[in-house]
Amino acid sequence: MTAVMSTKTRFAPSPTGYLHVGGARTALFSWLHARKHGGKYVLRIEDTDLQRSTAESINAILEAMTWLGLDYDEGPFYQTKRFDRYNEVIDELLEKGLAYRCNCSRERLDELREGQMQRKEKPRYDGHCRGQFVPDDAPHVIRFRNPPEGSVIIDDQVRGKIVFQNDELDDLIIRRTDGSPTYNLTVVVDDLDMGITDVIRGDDHVNNTPRQVNILQALGKTPPRYAHVPMILGDDGSRLSKRHGAVSVMEYRNQGILPEALLNYLVRLGWSHGDEELFTLDQMVELFDIADVNKAASAFNTEKLLWINQHYIKKADPTHLARLLSPHLGELGIDPAGGPDLVEVVRAQQERAQTLIEMAEISEFFYRDYETFEEKAAKKYLRAVALEPLRMMRERLAGIDDWAGETLHQAVIDVSESLELKMGKVAQPLRVAVVGRAASPGIDVTLELVGKDASLRRIDRALDYIHARMEENAT
RNA sequence: GCUCCCUUCGUCUAGUGGUUAGGACACUGGCCUCUCACGCCGGUAACAGGGGUUCGAAUCCCCUAGGGAGCACCA
């Protein structure tokens, strides 16, 4: 009886740092593939490198996954807890003569490699210990006996057919001198034990694939399907690194990027569906197909990310956004509780910010008086001609008890009309007076949210400023 | 050096033998307008190069150039 194997993918980061955007995209693709096929998504921590793996990295990766909302059905599994199982497999290979002990010294290996390099050959192990008897009570490693001839054909879901000749491969170490198993062995065992049907990973792993397939075949197992996704480059087309700005997923959160925006941006890097640019997670699940992923690497473009982020800010629920915005205001030393309703502020600014940081910055004036006028704005609008309109506005506003947008809007209209001025001639100086700079939401909303007391106080300040300036010019 | 792979506007991409080579970001002209932003209308801009195959190539084949990944007792 043959059971139909349901789809199962995994994301298998090694905890040697934070989760970067390339890894996040691979995780997203794996997650989408599993969800699309109604399968399972597994998280596995590949921490067999005891030197480089850290608990901080594990936490950072889990936190990033949670923030992105890429929930896993199984795991996280830790390879360090599965050493017994790996040894069991290695011993099996050893017994069957599919692996052998090797006690070549590092010196010999180094010399071998050096000589090969000099002769412009591909550096690889020469099989020195293959037929030798190597005692098991002295230090040694275990090597996998790679098939000497024939070829391995991989039908990659992204790359298509890739062929490797076995004579290009060497006998790789599967157990170190200290007894710990190595990567190529552990992935094979884990993917097998965990029932992974689709291995979706970065294309830096393509060259490992034939070795893994050979181990799998030695164990008499059928390899999973593979899909190697291309890497992500920096803005300038070179390998993505810190100098390109943020590469860590959590850094994007800190910069005020919404997770749905980052996910949407990432899914469009190397994948598309006609002319569509915007996808909800549900749409991605429905439309994504690993076979549609491009083979070529793509460059990360922050400006497009910002555009997508603005899109999601625009359509986000204001209450939800307010919660996300709060900490960013906190960064500026602002406690939203001490001012206008944050949700209303969000509504007023929603179309004006590309990131939450930007939204916090342009909302500062709602919560506290500006320190100084923005120089250009003051120079342009706080001048003698604005004196009368401002005075009149001040007088009119002082008499308003019903401090609401509609009333305030009417007040600006009335003052404009009575002075026979265009609305801009009144509203702009008023805006600079109240917010300290030349840009803000509509003047009525702005006044309403700033509040009566603060508005009048700031208008007085602007009037003083104009007077001072006039005196200065007079002398 | 060897192995594997990639190449459409500046960037992300659509395109699977016949298209004025489409869309998006960015840039830019205009409209809207109390500012900014949003929105709307328009513009600049690409098939790496060279050979084939074909009536016809961005699409198929070969070569060249450029780029990437891997070649550890890392993953």
Side-chain angles (χ1 to χ4, degrees), chain A residues 12-16 46-49 51-53 79 102 104 106 109-110 113 116-125 139-143 154 156 159-160 162-165 168-170 172-178 180 182-184 186-187 201-210 228 230-231 233 235-239 265 268-278 294-308 310 314 349-354 362 377 381 409 412-413 416 422-432 435 437-444 446:
Chain A
S14 58
T16 54
E46 310 220 323
D47 53 355
T48 54
D49 185 343
Q51 260 75 45
R52 300 197 305 154
S53 301
Q79 293 192 317
C102 164
C104 288
R106 295 194 193 235
L109 260 22
D110 288 344
R113 212 178 342 259
Q116 287 165 329
M117 298 277 252
Q118 267 170 20
R119 273 173 274 129
K120 303 196 188 292
E121 287 168 18
K122 184 177 184 172
R124 61 217 232 205
Y125 183 62
H140 64 273
V141 300
I142 307 294
R143 286 182 185 273
I154 294 151
D156 193 282
R159 303 293 199 98
I162 311 173
V163 181
F164 292 90
Q165 297 305 318
E168 288 292 337
L169 273 27
D170 63 356
L172 69 155
I173 290 172
I174 55 178
R175 180 156 71 200
R176 302 183 182 93
T177 306
D178 68 3
S180 63
T182 60
Y183 169 74
N184 281 299
T186 59
V187 254
R201 60 193 356 176
D203 71 1
D204 46 336
H205 287 289
V206 273
N207 290 284
N208 286 321
T209 310
H228 289 96
M231 60 184 296
L233 309 171
D235 301 62
D236 57 357
S238 71
R239 186 175 189 146
Y265 177 71
R268 279 288 288 103
L269 228 42
W271 176 82
S272 63
H273 182 260
D275 285 343
E276 310 277 315
E277 294 289 348
L278 274 1
N294 284 159
K295 296 191 245 284
S298 39
F300 194 95
N301 185 235
T302 304
E303 272 156 355
K304 186 156 182 182
L305 202 215
L306 289 175
W307 173 76
I308 292 180
Q310 179 165 30
K314 273 188 290 182
Q349 301 282 215
Q350 231 168 339
E351 290 188 339
R352 285 165 239 270
Q354 290 194 305
I362 61 174
Y381 296 110
H409 188 225
V412 178
I413 290 175
S416 308
K422 282 190 172 180
M423 206 173 149
K425 296 289 181 194
V426 176
Q428 248 342 70
L430 180 58
R431 169 173 283 111
V432 177
V435 316
R437 45 180 164 186
S440 85
I443 192 65
D444 44 358
T446 299

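Order of the sequence lines fixes the chain letters, A, B, ..., with proteins taken first and strands second; residue numbering starts at 1 for each chain.
- The nucleotide C60(B) finds its pairing partner in G52(B), both defining distances of the Watson-Crick or G-U wobble pair being shorter than 3.5 Å.
- E168(A) has its CD atom 12 Å from the P atom of C5(B), to the nearest Å.
- Residue P123(A) has its side chain nearest to G1(B) when only G1(B), C4(B), A75(B) are considered.
- Picking from U35(B), C73(B), A75(B) the nucleotide with the shortest atom distance to the side chain of D49(A) gives A75(B).
- A straight line from CD1 of I443(A) to C1' of C34(B) spans 7 Å, rounded to a whole angstrom.
- Among the protein residues, G442(A) comes within range of the nucleic acid bases, having at least one heavy atom under 4.0 Å from a base atom.
- Nucleotide U33(B) forms a pair with no other nucleotide shown, judged by Watson-Crick or G-U wobble geometry with both contacts under 3.5 Å.
- A close approach under 4.0 Å does occur between a side-chain nitrogen or oxygen of K314(A) and OP1 or OP2 of G39(B).
- Residue R159(A) has no polar side-chain atom (N or O) positioned under 4.0 Å from OP1 or OP2 of C4(B).
- Following rounding to the nearest Å, W271(A) (CH2) and A14(B) (P) show an atom-to-atom distance of 11 Å.
- Residue-to-nucleotide proximity on RNA chain B shows that, of Y381(A) and D178(A), the 5′-proximal contact is made by Y381(A).
- Nucleotide A72(B) has no partner under the Watson-Crick or G-U criteria, as no pair reaches both atom distances under 3.5 Å.
- Look at T48(A) and you'll find a side-chain N or O under 4.0 angstrom from OP1 or OP2 of A75(B).
- Nucleic acid contact class of P441(A) (heavy atoms, under 4.0 Å, all strands): base.
- Taking only distance into account, the side chain of D47(A) never meets the base of A75(B) through a donor-acceptor pair shorter than 3.5 Å.
- Put simply, the side chain of T177(A) and the base of C73(B) share a donor and an acceptor less than 3.5 Å apart.
- The two residues H228(A) and R159(A) make their nearest non-hydrogen contact at O-NE, 3.9 Å.
- As rounded to the nearest Å, A48(B) and C9(B) have P atoms that lie 7 Å from one another.
- Separation of the C1' atoms belonging to U8(B) and U59(B) is 11 Å when rounded to the nearest angstrom.
- Annotation for E276(A) and R268(A): closest pair O-NE, 3.4 Å, computed over non-hydrogen atoms.
- The phosphate of A14(B) has OP1 or OP2 within less than 4.0 Å of a side-chain N or O from S272(A).
- The base of G23(B) is paired with the side chain of E277(A) by a donor and an acceptor separated by under 3.5 Å.
- Using a 4.0 Å heavy-atom distance criterion, R106(A) is classed as a base contact.
- Judged by the 6.0 Å and 45° rule, R431(A) forms no cation-pi pair with Y381(A).
- For K295(A), the listed nucleotide lying nearest its side chain is C6(B); candidates were U13(B), C6(B), G68(B).
- Taking atom C1' on both C2(B) and U20(B), the two are 47 Å apart, rounded to the nearest angstrom.
- The same atom, C1', is picked in C34(B) and in A21(B); the two are 44 Å apart, to the nearest Å.
- With sequence neighbours left out, H205(A) forms a ring pair (Phe, Tyr, Trp, His ring centres under 6.0 Å) with Y183(A).
- Across the strands present, U19(B) finds no partner; the criterion is a Watson-Crick or G-U wobble pair with both atom distances under 3.5 angstrom.
- Side-chain proximity of H409(A) to A14(B), C34(B), C71(B): nearest is C34(B).
- Considering only side-chain atoms of D204(A), the nucleotide from G70(B), C12(B), C38(B) that sits closest is G70(B).
- Note: OH (Y125(A)) to C1' (U3(B)) measures 21 Å, nearest angstrom.
- Nucleic acid contact class of K122(A) (heavy atoms, under 4.0 Å, all strands): base.
- Figure legend. A65(B) is base-paired to U7(B); pairs are counted as Watson-Crick or G-U wobble with both atom distances under 3.5 Å.
- Side-chain polar atoms of R201(A) and T209(A) form a donor-acceptor pair below 3.5 angstrom.
- Spacing between atom CG of D170(A) and atom P of G70(B) amounts to 16 Å, rounded to whole angstrom units.
- Going from atom CD1 of I154(A) over to atom CZ of F164(A) covers 5.0 Å, rounded to the nearest 0.5 Å.
- Nearest nucleotide to the R268(A) side chain, out of C12(B), A75(B), A24(B): C12(B).
- Distance check on atom C1': C12(B) versus A46(B) gives 13 Å, rounded to whole Å.
- For I173(A), the side-chain atoms get nearest to C73(B) when compared with the rest of U35(B), C73(B), C2(B).
- Under a 3.5 Å cut-off, the side chain of D444(A) and the backbone N or O of H409(A) do not form any donor-acceptor pair.
- Heavy atoms of S440(A) sit under 4.0 angstrom from at least one base atom.
- Considering every non-hydrogen atom in both P441(A) and Q349(A), the closest pair reads CG-NE2, 3.5 Å.
- Comparing D203(A) and L305(A) along RNA chain B, the residue whose closest nucleotide (by nearest heavy atom) sits nearer the 5' end is L305(A).
- The same atom, P, is picked in U28(B) and in U44(B); the two are 16 Å apart, to the nearest Å.
- Contacts of H228(A) with the nucleic acid, taken as non-hydrogen atoms under 4.0 Å apart, are absent.
- Closest contact between the side chain of R431(A) and the listed nucleotides C71(B), C5(B), U35(B) involves U35(B).
- Summarising the base pairing, C47(B) is matched to no nucleotide, lacking a Watson-Crick or G-U wobble pair whose two defining distances lie under 3.5 Å.
- Q350(A) meets the side-chain contact (heavy atoms from CB on, under 4.5 Å) test with I313(A), A316(A), P318(A), L321(A), V346(A); sequence neighbours excluded.
- If you check U11(B), A75(B), U35(B) against the side chain of N301(A), the one that comes closest is U11(B).
- With distances taken from any side-chain atom of D444(A) to the nucleotides U7(B), G23(B), C34(B), the minimum falls on C34(B).
- In this structure, V206(A) reaches neither bases nor backbone, as no heavy-atom distance under 4.0 Å exists between it and the strands shown.
- Between the side chain of R352(A) and the base of C36(B), at least one donor-acceptor pair of N or O atoms lies under 3.5 Å.
- Minimum heavy-atom separation, D203(A) to P230(A): OD2-CA, 3.4 Å.
- In this structure, R124(A) atom CZ and G70(B) atom P are separated by 19 Å, rounded to whole Å.
- An OP1 or OP2 oxygen of A72(B) is reached within less than 4.0 angstrom by no side-chain nitrogen or oxygen of T182(A).
- Remark: P of C6(B) and CG of N207(A) are 13 Å apart, rounded to the nearest angstrom.
- For the P atoms, the distance from A45(B) to G52(B) is 30 Å, rounded to whole Å.
- Atoms OH (Y183(A)) and P (A75(B)) sit 9 Å apart, rounded to a whole Å.
- Straight-line distance between the C1' atoms of C55(B) and C47(B): roughly 22 Å, to the nearest whole Å.
- Regarding contacts with the backbone of A14(B), a side-chain N or O of N294(A) is found under 4.0 angstrom from either OP1 or OP2.
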